Structures are given as structure tokens and as C-alpha cells.
A.B. asks: 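Handing you this structure, nothing more for now.
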Amino acid sequence: MLEIQKITKTFHPGTPDERIALQDISLTVQTGDFITLIGANGAGKSTLFNAISGTFPVDRGRILLDGKDITWTPAHQRSRVIGQLFQDPMKGSAPHMSIEENMALASGRGGWLSHVRKQDREDFRAQLQMLGMGLEDRMDQPVGLLSGGQRQALTLLMATFSKPQLLLLDEHTAALDPGTAEKVLGMTRRIVAEGKLTCLMVTHNMESALEMGNRTLMMHQGRIILDVDGEEKKRICVSDLMEKFRELSGSAMNNDRMLLS
Amino acid sequence: MSLSQIMPLVQTSVELGMITGLTVLALFLSYSMLNVCDLSTDGCFTLGAAVGGIVALAGHPWLSLPAAMGAGMLSGLLTAVLQTRMGINSLLAGIIVNTGLYSVNIAIMGGSSQLNMNKTVNVFSIAKDAMKGTAMESQYKLIVAAIAAVLVIIFLSLFLRTRLGLAIRATGDNPAMVRSSSINPIFTTTVGLCISNAFTGLSGCLLGQYQKSVNIDIGSGMVTIALASLLIGGVFFGKRKIPVRAIGAVIGAIIFRLIYAAALRLNMPTFMLKAVSSIIVILALSGPYLRKQGAEQIRHWRNRKEAA
């Protein structure tokens with residue numbers, strides 16, 4: 001369903017700051033896959049996501065979604081079929097607009113001049129109820145009043161509202177406190193399963209990387225260095241991963257954030 | 001000073017407040033909603049006055065209103081294209097359009113910097129004739145201005161609830177979120193500036209017809225005056241719902257005119273209008289910052305005193 005063919009991305013080419021963020025990456029994602037993506041800081045995980053969502057054009061290579069070449073499709077058009085969540089909970093919603101207004105905008109329903117109908121409002125309320133955060137009683141309040149966790153949960157709802165073909169989660173729980181992160185992760189699991197969504201998730205938590213999804217990728221210096229799925233993924237454990245990393249990258253995993261989790 | 005002397009002054013202030021209130025509503029859309037400071041406002045205001053004046057002089061008083069709005073819309077489109085498609089800083093785009101409009105406006109007025117409409121039929125004179133002999137006869141200007149203000153407030157209140165309106169508001173609030181809702185922020189910025197400048201044009205058109213003359217300077221300083229009015233309105237209605245805030249914008253314009261009229265009565269010379277509006281804008285914009293700084297300074301002193 002998603003096919004990435006040999007994409008390359010270099011930042012600041014021709015300057016002393018030149019950095020190759022993606023090196024000839026190829027990846028095929030099947031419909032219904034839930035892929036977790038790990039790797040040290042600067043490995044190119046976020047760059048890969050941004051290339052898929054169209055934040056910037058890639059230097060070389062092609063990106064196909066459902067057989068359609070989207071390499072040159074602008075970001076706002078890709079977002080019709082690709083939902084994305086970021087680490088920063090503030091990124092996905094408009095703080096001075098109410099919960100209802102944010103959801104109305106994200107739902108993508110109706111023409112330009114349509115208003116929020118009663119039916120829509122009921123829908124939104126039902127969706128919010130499923131989060132179990134009491135947001136359904138605060139639909140008129142500006143989103144800026146919500147906590148980080150509430151805002152990220154709302155963003156998750158909004159990103160999955162119109163059943164995207166592909167959902168990109170870029171460490172979307174990393175900025176939340178552990179309890180809230182666990183809760184949002186649980187919601188993610190449920191929403192992805194219920195909607196049978198195809199999903200890519202970056203995480204620093206190796207345990208949840210192995211525990212969630214059906215396939216795990218490891219990136220290092222702009223390449224995918226490990227790709228396990230199916231039975232192999234079920235058998236592998238965190239220490240195996242670290243061992244693999246040492247073996248494949250030729251260096252020890254020197255990232256506290258990854259070790260601690 | 002007796003009440004009979006004050007009332008006409010108040011009425012004039014309310015009339016002028018509601019007419020320039022349309023420009024304040026335009027800034028309410030571009031500045032408060034879209035978060036774009038549109039510095040083409042002055043030129044666009046004059047453009048509306050010039051186009052409206054010329055069309056009225058040609059014998060089409062009703063047509064002058066949509067004509068002025070259309071001209072304003074084109075000016076807004078140009079400002080939007082400069083900043084969204086040609087990579088020009090949004091403040092600069094407004095200033096550039098504003099400068100260019102000076103020539104355009106003189107060209108529209110037939111090479112002159114002045115249009116005289118003393119005997120020209122316009123929307124105010126039509127209203128005057130229509131109300132001749134009724135109890136409202138002396139309020140005809142007030143009624144025309146009020147109808148315009150109310151219609152624009154109703155339009156904005158409804159429009160900002162539509163999907164397009166929400167998208168425009170979100171563009172000023174979080175453009176990334178707009179993009180991830182499959183909406184192009186370039187499009188929403190363009191639409192927002194077109195609509196906003198249509199109202200600025202209408203505002204200029206009505207002021208020209210109200211005072212039966214258009215001068216090339218009719219719009220100069222309008223952006224500051226409108227911003228001052230918007231901020232005054234925001235003091236009272238800033239945290240409310242959109243329709244209330246829109247009404248507040250016009251009330252802010254009226255309050256501004258009342259303060260100005262009062263200052264004139266206290267022998268402030270006419271030419272001080274723009275200095276007064278600048279001071280109001282400075283106070284309103286710097287207020288929150290200075291308050292914060294002041295609070296920190298006080299805390300600092302207190303800590304030092306305790307330490308000593």
C-alpha cells in the first residue's frame with residue numbers, strides 16, 4: 001500500500017552543515033501493517049516520516065501510496081489520506097478554537113460554506129466519550145485550556161477521524177508524563193485496531209516497539225538496518241535488539257533515552 | 001455645554017464610528033483571525049472611496065457599493081499573492097501595495113487628488129429623500145451607517161462559523177493544523193484578505209459619500225485608527241464569542257470617535273487625531289508586556305529586600 005523506492009534526502013547540501021538524513025531508503029508497507037520504528041537521535045526516523053507526509057520534497061526516489069505516485073503531491077493534499085501526530089501536543093490543534101471547531105475542521109465534512117450540524121456534534125460527542133477524559137462536556141471550550149495529554153488524545157481522534165490510509169505517529173507520547181503516555185498509547189492501539197489502520201510509529205521505548213505492531217524497523221544513519229516481523233518479532237527481546245544494533249551499526253547504543261526505557 | 005449641543009456631536013461620532021467600524025471589522029478578520037497585519041489598509045480605504053466616488057458621480061449610487069468592495073477585494077488579492085506566492089514578507093507586501101495604490105487612486109480620480117460630490121446622488125442622499133417627512137428624517141445618516149455595520153457583523157458571524165471561516169481562523173492560530181486538515185493555508189489567507197479588504201473598500205466608499213468628497217488622504221492613518229478601535233473593543237469583549245467580539249469591534253470604533261470628539265471639545269486641534277490613535281495603539285499593544293515586566297521587576301526588588 002505504501003511503497004518507498006530508494007529515497008534520499010540531504011539537508012543543507014553543499015554547505016559545511018551538509019547532512020545525509022536518508023540514504024537510498026526503500027520500504028514496502030502492506031495494508032493493515034502496524035510498524036514500529038526505533039533508532040538513535042538523528043537516525044532519520046522523523047525525516048522519513050516528513051518525507052512520506054510531504055513536509056519537504058525528497059532529492060531522489062519515489063513514494064507510492066496505493067499505487068499512486070505522491071512524490072510531488074503537496075503536503076496539504078497528502079494529508080487527506082495520511083494522518084500524522086507529532087511529539088509536541090501543541091502542533092495538532094488550534095488553541096484559540098473550541099474542541100468542536102477543531103474537530104469540525106479535521107473531520108473534513110461538508111462544503112466550504114457548511115456549518116456544523118447537530119448530527120456532526122453528536123458524532124463528535126460520541127467520539128470524545130470513547131476517550132474517557134470528560135472532553136465531551138467541554139466541547140465549547142478552547143483547546144488551549146486542555147492538558148498536553150488531553151490535547152494529544154484529541155489530535156489522535158482528529159487525525160483518525162476520516163480513516164486515513166496511513167497513520168504516522170512520531171513519538172506522539174514522548175512529551176507526556178508516563179501515566180498519560182500509557183493511556184494515549186492504549187487509545188492508539190484501540191483506534192488503530194478498530195479502524196484497521198495502517199500505521200507507522202516512531203518510539204524510543206524499545207519494549208513498546210517490540211510489544212506493539214507486527215513489524216519493527218531499526219534505523220541508523222539514514223538507513224534501515226534491521227527489519228523484523230511475524231514470528232521473529234515475537235521471539236526477539238530488548239537485549240537481542242541492542243545486540244543486533246551493536247552488530248549491525250558497529251557501535252554500542254549510546255543513547256540514554258533508549259537504554260532507560 | 002447643554003445636552004442639545006452634545007447630542008449632535010455624539011450622533012456624528014456614532015455615525016463615523018460605524019462607518020470606520022467596517023474597516024475595524026476588516027482588521028478583525030485579517031488581524032485578529034488570520035493573524036496578518038494588513039498594512040495596505042490605508043490605500044485600500046482610499047481606493048474604495050475613489051472607486052465609490054467615481055461610480056456615484058457617473059450616476060450609479062447603488063453600484064458604487066459593490067464596485068468599491070470589488071476594488072478592495074482585488075487589492076486584497078494582490079497583497080495576498082505577494083505574501084503567499086511570491087515570498088514577500090507580509091508586512092512589506094502590505095506597504096508595497098499601499099504605496100502603489102497611491103498612484104492608482106489618483107488615476108481613478110482622473111488625475112486629481114480630490115473628488116467633489118456635493119450635488120451627487122449617493123446612498124446617504126437616497127436615504128434622506130426616502131425618509132423625508134418621517135420621524136427619522138434627521139437620523140438618515142445614522143440609519144445607513146447602522147445598516148451597513150449590522151449587515152457586515154451578521155455576515156462575519158455566520159461566515160466564521162462555516163468550514164471556510166473555521167479554516168481561516170485556524171490559519172491564524174496554527175497553520176500546521178490547517179495543512180493536516182487537507183486545507184491549503186495559502187488559499188485561506190487569500191480568501192481572508194480578499195473579504196477583509198472588500199470591507200475596507202466599502203468603509204472608504206461610505207465615508208467618501210458621507211462627507212460628500214474624497215481626498216487622496218482620506219485613508220491615511222486608517223490602519224492605526226482601526227487598530228486602536230479594535231483594541232479598545234477587545235478590552236471589553238476580547239474574550240467573548242465571535243459575534244460579540246465583532247459587535248465589540250464596532251463599539252470600539254464608536255468609543256474611539258467619542259474620545260476624539262471629546263478631545264476636540266477640550267480644544268485639542270484636529271491634526272492631533274493620528275497622534276492620539278498612535279498613542280492608544282501603543283498603550284494597548286505594549287500594555288500586557290509592560291505589566292509583565294513590571295511584575296517581574298517588583299518581584300526582583302522584593303527578593304533583594306528580603307535578602308538584605
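All figures in this text were calculated on a predicted structure; none of them were measured in a lab. In what follows, chains are A, B, ... by sequence order, proteins preceding strands, each numbered from 1.
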A.B. asks: With rounding to the nearest 0.5 angstrom, report the CG to CZ distance, A/Leu113 to B/Arg163.
C.D. replies: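 Reported to 0.5 Å precision, the distance equals 11.0 Å.
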A.B. asks: Count the heavy-atom pairs under 4.5 Å between each of A/Ala104, A/Ala159, A/Gly111, A/Gly83 and chain B, then report the option with the highest count.
C.D. replies: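 The residue among A/Ala104, A/Ala159, A/Gly111, A/Gly83 with the greatest pair count is A/Gly111.
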A.B. asks: Considering heavy atoms only, which positions within residues 89-103 of chain A lie below 4.5 Å of chain B?
C.D. replies: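 Near chain B, by residue number: A/Met90, A/Lys91, A/Gly92, A/Ser93, A/Ala94, A/Pro95, A/His96, A/Met97, A/Glu101, A/Asn102.
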A.B. asks: Any residues in residues 175-191 of chain B near chain A, with a heavy-atom distance under 4.5 Å, and which are they?
C.D. replies: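 B/Ala176, B/Met177, B/Arg179, B/Ser180, B/Ser181, B/Ser182, B/Ile183, B/Asn184, B/Phe187, listed by number.
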A.B. asks: Using a heavy-atom distance cut-off of less than 4.5 Å, which residues of residues 287-300 of chain B contact chain A?
C.D. replies: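 The residues closer than 4.5 Å to chain A amount to none at all.
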A.B. asks: Taking CZ in A/Arg121 as the centre, count heavy atoms belonging to other residues, nucleotides or ligands within less than 6.0 Å. Is the count above 12?
C.D. replies: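 Atom CZ in A/Arg121 is crowded, with more than 12 foreign heavy atoms closer than 6.0 Å.
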A.B. asks: Listed by chain and number, what are the ring pair (Phe, Tyr, Trp, His ring centres under 6.0 Å) partners of B/Phe236, not counting sequence neighbours?
C.D. replies: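 With neighbours one apart ignored, the set is empty.
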A.B. asks: Surrounding CZ of A/Arg117 (heavy atoms of other residues, nucleotides or ligands, distance under 6.0 Å), is the total greater than 12?
C.D. replies: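 For A/Arg117, atom CZ is not crowded (no more than 12 foreign heavy atoms under 6.0 Å).
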A.B. asks: Considering all heavy atoms of both residues, which atom of B/Ala170 and which atom of A/Leu105 are nearest to each other, and what is their separation?
C.D. replies: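 The answer is CB-CD2, 3.4 Å.
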